[in-house]
Protein chains: 2
Amino acid sequence: MGGGNRFQEPVKINRRRQVRKEKEEDEVNESFKSPNLEAERRRREKLHGRLMALRSHVPIVTNMTKASIVEDAITYIGELQKIVENLTEKLHEMEETPLEIYEQQTVHTIKPEVEAIDLKMEMKKTGIEENVQFCKIGKRKFWLKITTEKRPGIFTKFMEVMCLLGFEIIDITLATSNGAIIISSSVQILQGLCDGGSVDPQQTKDFLLEVMRSNP
Amino acid sequence: MGGGNRFQEPVKINRRRQVRKEKEEDEVNESFKSPNLEAERRRREKLHGRLMALRSHVPIVTNMTKASIVEDAITYIGELQKIVENLTEKLHEMEETPLEIYEQQTVHTIKPEVEAIDLKMEMKKTGIEENVQFCKIGKRKFWLKITTEKRPGIFTKFMEVMCLLGFEIIDITLATSNGAIIISSSVQILQGLCDGGSVDPQQTKDFLLEVMRSNP
DNA sequence: AGTTACACGTGATAC
DNA sequence: TGTATCACGTGTAAC
């Protein structure tokens with residue numbers, strides 16, 4: 001049977017709408033006493049509270065209506081999602097652009113995952129080839145440039161090899177781009193060991209190339 | 001009198017709960033015909049639709065309940081707000097941090113070790129001071145410059161330390177002059193480990209200075 | 001059995 | 001005046 005309006009009386013609430021009448025102690029009418037009356041009451045209060053909480057979390061509220069609250073929440077969520085999307089996009093953009101000075105006409109839409117195979121393919125795509133240059137620029141001084149695939153530890157290996165060959169690093173520049181690494185350096189043969197004449201540039205170059213190609 | 005359950009019959013819906021009975025053409029009962037019956041019906045449908053729409057906008061839904069839908073929406077809004085906050089913070093941080101350089105002169109923290117003092121005296125002779133700069137230039141990127149005494153293996157040690165700290169070398173420049181060495185490098189914290197926020201520039205700088213001062 | 005959630009129709013209330 | 005929203009108690013269905 002019917003709704004609670006049976007007990008409705010013009011009771012004015014502090015703010016809005018009616019609320020259930022103050023508990024009538026003596027219910028002369030047939031009191032069916034639905035078992036879930038109080039539960040339903042709690043449920044309503046709960047939903048009401050949740051809606052109010054939702055309303056408090058939404059900055060722009062066009063109307064106090066339940067449906068409006070939910071609607072505003074939906075639009076607000078949409079705005080937040082859009083903001084998040086834009087921010088992440090900007091962040092990624094700002095994070096990655098400093099590296100890519102290269103023209104964007106090249107199709108490098110590849111994800112910047114650092115996998116050796118992908119790096120090799122990337123090197124092929126960008127036209128970078130493995131290369132070692134080594135030439136004599138002084139009595140004991142040499143200049144070298146190494147272009148190769150970027151692998152972890154490759155630089156340390158280079159340093160070890162140069163130390164093993166008896167070279168002292170005068171200056172060195174290292175740059176990485178698109179999965180490739182370029183090392184250019186001026187080195188000097190240690191004075192105590194021998195002079196520059198005992199260094200065969202071709203042989204040293206081949207050895208360096210061999211080392212760079214070998215796996216760690 | 002009471003609710004619409006008066007017309008309730010065990011009509012099974014496709015999904016959940018009961019819905020009002022198919023329009024009974026011949027209402028033999030006293031049809032009070034509340035004027036707002038249909039309006040209330042529309043209102044209910046409207047709210048129901050809004051709640052469903054809200055539900056569709058929230059990725060994580062613990063329960064199909066109305067209150068749960070609203071609750072999940074609240075938590076989701078909270079998460080979105082937090083994400084937006086963090087992203088804007090990082091964005092601002094990324095835009096502004098390049099200005100502040102964490103620089104430390106050796107004068108500030110003096111290690112009373114004999115070698116350190118000797119180094120300092122030696123460097124003073126040539127007018128070069130031991131110095132470490134370390135600043136954040138991106139979300140995961142940092143720039144650093146180290147000026148110290150040129151000693152054998154100091155560069156390899158630097159590489160090992162950076163590897164140990166989880167940094168990846170982006171580019172590096174090394175120059176030697178008058179017994180001093182200058183290393184400037186852009187590094188990037190490994191993505192798998194953590195983000196740039198977990199790197200304390202001041203702490204990293206101090207650690208680098210410590211390492212550079214220690215003997216091999 | 002017991003509890004929870006829902007839709008229903010209605011009176012009251014606000015605009 | 002109507003139109004719209006609300007809280008109410010209840011029957012019913014699902015768990």
Side-chain angles (χ1 to χ4, degrees), chain A residues 1-55 58 61-74, chain B residues 1-55 58 61-74:
Chain A
M1 305 285 282
N5 52 355
R6 187 209 310 248
F7 310 106
Q8 290 296 332
E9 268 147 328
V11 180
K12 189 63 171 60
I13 317 306
N14 52 0
R15 195 63 199 91
R16 259 186 85 83
R17 307 295 177 183
Q18 77 281 11
V19 145
R20 69 177 174 280
K21 180 191 173 189
E22 295 301 326
K23 187 73 170 173
E24 198 78 26
E25 303 85 357
D26 49 348
E27 289 287 347
V28 287
N29 282 343
E30 4 78 61
S31 66
F32 277 129
K33 185 202 171 195
S34 291
N36 60 343
L37 197 156
E38 202 168 348
E40 174 65 15
R41 203 168 284 173
R42 280 201 303 264
R43 172 185 163 271
R44 272 198 300 264
E45 291 177 359
K46 187 176 175 183
L47 180 58
H48 182 77
R50 299 293 181 191
L51 281 175
M52 287 306 159
L54 179 63
R55 192 188 110 82
V58 177
V61 179
T62 61
N63 204 345
M64 194 61 177
T65 293
K66 285 184 177 179
S68 294
I69 292 174
V70 180
E71 189 177 0
D72 295 337
I74 292 175
Chain B
M1 305 281 281
N5 52 354
R6 187 211 305 250
F7 309 107
Q8 290 296 331
E9 267 149 327
V11 180
K12 188 65 171 60
I13 318 306
N14 51 0
R15 193 64 199 93
R16 259 186 85 84
R17 307 294 177 183
Q18 79 280 10
V19 145
R20 70 177 175 280
K21 180 192 171 189
E22 298 299 327
K23 187 73 170 169
E24 198 77 26
E25 304 85 357
D26 49 349
E27 290 286 348
V28 286
N29 282 342
E30 5 77 61
S31 66
F32 276 129
K33 185 203 173 196
S34 291
N36 60 341
L37 197 155
E38 201 167 349
E40 174 66 14
R41 201 169 286 173
R42 281 201 304 265
R43 172 187 164 269
R44 273 197 300 265
E45 291 178 359
K46 187 176 175 183
L47 180 58
H48 181 77
R50 300 292 181 192
L51 281 175
M52 286 307 158
L54 178 62
R55 192 186 111 82
V58 176
V61 179
T62 61
N63 205 345
M64 194 60 179
T65 294
K66 284 184 177 180
S68 295
I69 292 174
V70 179
E71 189 177 1
D72 295 337
I74 292 175

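Values reported hereafter were calculated over all heavy atoms of this structure, with side chains retained and with hydrogens, waters and symmetry mates removed. Just so it is clear: chains get the letters A, B, ... in the order the sequence lines come, proteins before strands, and each one is counted from 1.
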(request) Just jot down the side chain to side chain donor-acceptor pair (under 3.5 Å) partners of A:Arg43, sequence neighbours excluded, or say none. (result) A:Glu40
(request) Using side chain to side chain donor-acceptor pair (under 3.5 Å) as the criterion, list what pairs up with B:Ser68, not counting sequence neighbours. (result) none
What is the distance, to the nearest angstrom, from the [atom1] atom on [X] to the [atom2] atom on [N]?
X: B:Leu47; N: C:dC8; atom1: CG; atom2: P; value: 12 Å
X: A:Arg42; N: C:dC6; atom1: CZ; atom2: C1'; value: 16 Å
X: B:Leu37; N: C:dT10; atom1: CG; atom2: C1'; value: 8 Å
X: A:His48; N: D:dA7; atom1: NE2; atom2: C1'; value: 10 Å
X: B:Met64; N: C:dA5; atom1: CE; atom2: C1'; value: 12 Å
X: B:Glu45; N: C:dC8; atom1: CD; atom2: P; value: 7 Å
X: B:Arg43; N: D:dT3; atom1: CZ; atom2: C1'; value: 13 Å
X: B:Arg41; N: C:dA7; atom1: CZ; atom2: P; value: 13 Å

(request) Just compare D:dT5, D:dA7, D:dT10 and give me whichever is closest to any side-chain atom of A:Lys66. (result) D:dA7
(request) Identify which nucleotide among D:dG9, C:dA7, C:dC6 has an atom closest to any side-chain atom of B:Arg44, counting heavy atoms from C-beta outward. (result) C:dA7
(message) A side-chain contact here means heavy atoms from C-beta on lying under 4.5 Å apart; do B:His48 and B:Arg44 qualify?
(response)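 Result no, sub-4.5 Å side-chain heavy-atom pair not found.
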(message) Under a 3.5 Å distance rule, please check whether A:Asp72 uses its side chain to pair with a backbone N or O of A:Val58 as donor and acceptor.
(response)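 Not a single qualifying donor-acceptor pair exists.
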(message) With a 3.5 Å cut-off and heavy atoms only, can you find an N or O donor on one side and an acceptor on the other between the side chain of A:Asn36 and the base of D:dG11?
(response)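 Answer is yes: a donor-acceptor pair is held.
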(request) Go through the N and O atoms of the side chain of A:Glu40 and the base of D:dC8, and report whether any donor-acceptor pair is under 3.5 Å. (result)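 Counting by modelled atom types and ignoring angles, no donor-acceptor contact under 3.5 Å is found here.
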(message) Just to verify, what does A:Glu71 make a side chain to side chain contact (heavy atoms under 4.5 Å, CB included) with, not counting sequence neighbours?
(response) B:Arg50
(message) For the CZ atom of A:Arg42 and the CG atom of A:Leu47, what is their distance to the nearest 0.5 Å?
(response)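 Interatomic distance, A:Arg42 CZ to A:Leu47 CG, rounded to 0.5 Å: 15.0 Å.
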(message) Let me confirm one number: the CG-CG distance from A:Leu54 to B:Leu54, rounded to the nearest 0.5 Å.
(response) 6.5 Å
(message) Can you list every stem that DNA chain D is part of, counting only runs of 3 or more consecutive Watson-Crick or G-U wobble pairs with both distances under 3.5 Å?
(response)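 Counting only runs of 3 or more consecutive pairs, the stems involving DNA chain D are C:2-15 with D:2-15.
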